[in-house]
Amino acid sequence: MTLPHRLDRSVLIRASRDTVFRFFTDPARWASWWGKGSTIEPRPGGRMLICYPGGVQVSGEVTEVAPPDRIVFTYGFVGGKPIEPGSSRVTIRLAAEGDGTRLSLVHEFAEPAVRDEHVQGWRYQLALFGNLVANEVHAGATSMVDGWFAAWAEPDVAARERTLVAITVPEVRFRDQYGLTDGLEDLMPHITAAQKFMPGLRLTRAGDVRHCQGTVLCDWRATLPDGKEVGAGTNVFSLGPDGRIEAVTGFWGKPKPA
């Protein structure tokens, strides 16, 4: 099948190739990307179905599967417009890049006008895809955040270090109004000093965390042992591809009402 017109799209996802690729081979994950009823049979000759909102469906046939490197399938609309089933081809390749995965997509068409109609669609769908992968990788984000705040209140140095080793990378960076540390070895004595000069102060999460592709926002409140609130703010957490905390930036003060 000669398809002279192609659409290229490349995105970087901070997750391993194995993690990314299973969204193309697990029907449940495929449906979480494309919508209820969508499915895929990850073998040559296997059926591919995408169920868009409004009853629009795309069908195709898987022609190549090489985990975790490549998957190829045909792509066409049930009903024939604007593309007949089997008349376009999608190739997705994954390559390790740094601590993440470079996803490269090529969609080949017979007609340039039809190709152009799909440019924004793939930009949107790969954004959804990147968020789905990140949400799975960082499913434990709330536990990481709670562990971070608990470590700041932990008086036992050894116990605090065990907690931080489990939830942060060794090079973890911390920035706020009163701190500027690089690495766990620098952070540990800073927390000890904070406990000395602000005895009994405890930070706790206020509300649910908000997560987008490895960046987490979390509001917090600072209280004394008697429960009195003495401060509040927001932390920005940067999470790595293994789910651990790479950096934290803390902002003191509640946002002003609009």
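Below, each value reflects all heavy atoms present in this structure, side chains not excepted, and no hydrogens, waters or symmetry copies. Everything numeric here is computed off the predicted structure, so don't read it as measured data.
The residues Glu136 and Arg22 are annotated as salt-bridged, a charged nitrogen and a carboxylate oxygen being separated by less than 4.0 angstrom. Note on Arg115 versus Glu108: no salt bridge recorded, every NZ/NE/NH1/NH2 to OD/OE distance being 4.0 Å or above. With salt bridges taken as basic N to acidic carboxylate O contacts below 4.0 Å, one links Glu229 and Arg221.
Ring centroids of Phe129 and Tyr124 are separated by 6.0 Å or more, keeping the two rings apart. Taking the six-membered ring for Trp and the full ring otherwise, His118 and Phe109 have centroids separated by under 6.0 Å.
Residues meeting the ring pair (Phe, Tyr, Trp, His ring centres under 6.0 Å) test with Phe174, sequence neighbours left out: Trp148, Trp152, His190. With sequence neighbours left out, Asp242 forms a side-chain hydrogen bond (donor to acceptor under 3.5 Å, both in side chains) with Arg244. Evaluation of the side-chain hydrogen bond (donor to acceptor under 3.5 Å, both in side chains) rule for Asp208 yields no partner, not counting sequence neighbours.
Rounding to the nearest 0.5 Å gives a distance of 7.5 Å between CG of Leu49 and OG1 of Thr39. Rounding to the nearest 0.5 Å places OG of Ser104 at 11.0 Å from CZ of Arg9. The distance from atom CG of Asp99 to atom CD of Glu97, rounded to the nearest 0.5 Å, is 9.5 Å. Between the CD1 atom in Ile245 and the CD1 atom in Ile167 there is a gap of 4.5 Å [rounded to 0.5 Å]. The CD atom of Gln213 sits 8.5 Å away from atom CG of Asn135, with the distance rounded to the nearest 0.5 Å. Atom CG of Leu12 is separated from atom CG of Leu103 by 10.0 Å, given to the nearest 0.5 angstrom.
In this structure the side chain of Ile71 reaches within 4.5 angstrom of the side chain of Ile40, judged on heavy atoms. Counting heavy atoms from C-beta outward, Arg70 and Thr91 have side chains that approach closer than 4.5 Å. The side-chain heavy atoms of Trp34 and Cys51, taken from C-beta on, include no pair separated by under 4.5 Å. In this structure the side chain of Val216 reaches within 4.5 angstrom of the side chain of Val145, judged on heavy atoms. Looking at Phe73 and Ile92, their side chains come closer than 4.5 Å, going by heavy atoms from C-beta outward. Using a 4.5 Å heavy-atom threshold, the side chains of Ile191 and Leu164 count as touching. Two residues are said to be in side-chain contact when any heavy atoms from C-beta on lie closer than 4.5 Å; Asn235 and Phe251 fail this criterion. Glu246 is listed as a side-chain neighbour of Pro241, based on a closest heavy-atom distance under 4.5 Å.
When all heavy atoms are compared, the tightest approach of Cys212 to Asn131 is SG-OD1, 3.6 Å. Shortest non-hydrogen contact noted between Arg14 and Leu239 is NH1-O, 3.5 Å. Residues Leu132 and Ser32 approach most closely at CD1-O, 3.3 Å, considering heavy atoms. Considering every non-hydrogen atom in both Ala222 and Leu203, the closest pair reads CB-CD2, 3.5 Å. Shown here for Cys218 and Phe149, the closest heavy-atom pair between the two residues is SG-CE1, 3.8 Å. Of all heavy-atom pairs between Thr163 and Gly147, the closest is CG2-O, 3.6 Å.
Apart from Val230 itself, the hydrophobic cluster it occupies contains Met198, Leu201, Leu224, where clustering links Ile, Leu, Val, Met, Phe, Trp and Tyr at side-chain heavy-atom distances under 4.5 Å.
No path of Ile, Leu, Val, Met, Phe, Trp and Tyr side chains, each step under 4.5 Å between heavy atoms, connects Leu3 with Leu105, placing them in separate hydrophobic clusters. Clustering ILVMFWY residues whenever any of their side-chain heavy atoms sit less than 4.5 angstrom apart, transitively, puts Ile50 in a cluster other than the one holding Val78. Neither Val106 nor Val20 shares a network with the other; the hydrophobic side chains, linked directly or stepwise wherever heavy atoms of I, L, V, M, F, W or Y lie under 4.5 Å apart, form separate groups for each. Val169 and Leu180 fall into different hydrophobic clusters, where Ile, Leu, Val, Met, Phe, Trp and Tyr side chains are chained together by heavy-atom contacts under 4.5 Å.
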- Query: Checking side chain to side chain contact (heavy atoms under 4.5 Å, CB included) for the pair Phe77/Val56: CA distance, chi angles, key distance, verdict?
  - Reply: CA-CA 8 Å; Phe77 285 80; Val56 177; 3.8 Å; yes
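The only option from Ser87, Ser88, Pro85 that meets the side chain to side chain contact (heavy atoms under 4.5 Å, CB included) definition with Tyr75 turns out to be Ser88.
For residues 53-62, no pair satisfies side-chain hydrogen bond (donor to acceptor under 3.5 Å, both in side chains), with sequence neighbours left out. Applying the salt bridge (charged side-chain N to carboxylate O under 4.0 Å, His left out) rule to pairs touching residues 146-166 yields Asp146-Arg205, sequence neighbours excluded.
Between the side chain of Thr101 and the backbone N or O of Arg17, at least one donor-acceptor pair lies under 3.5 Å. Checking side-chain atoms of Thr168 against main-chain N and O of Val165 turns up no donor-acceptor pair under 3.5 Å.
Other residues, nucleotides and ligands contribute at most 12 non-hydrogen atoms within 6.0 Å of the CZ atom of Arg93. Residue-environment remark: CZ (Arg175) exceeds the threshold of 12 foreign heavy atoms within 6.0 Å. Crowding of Glu117 atom CD: a count of heavy atoms from other residues, nucleotides or ligands under 6.0 Å exceeding 12.
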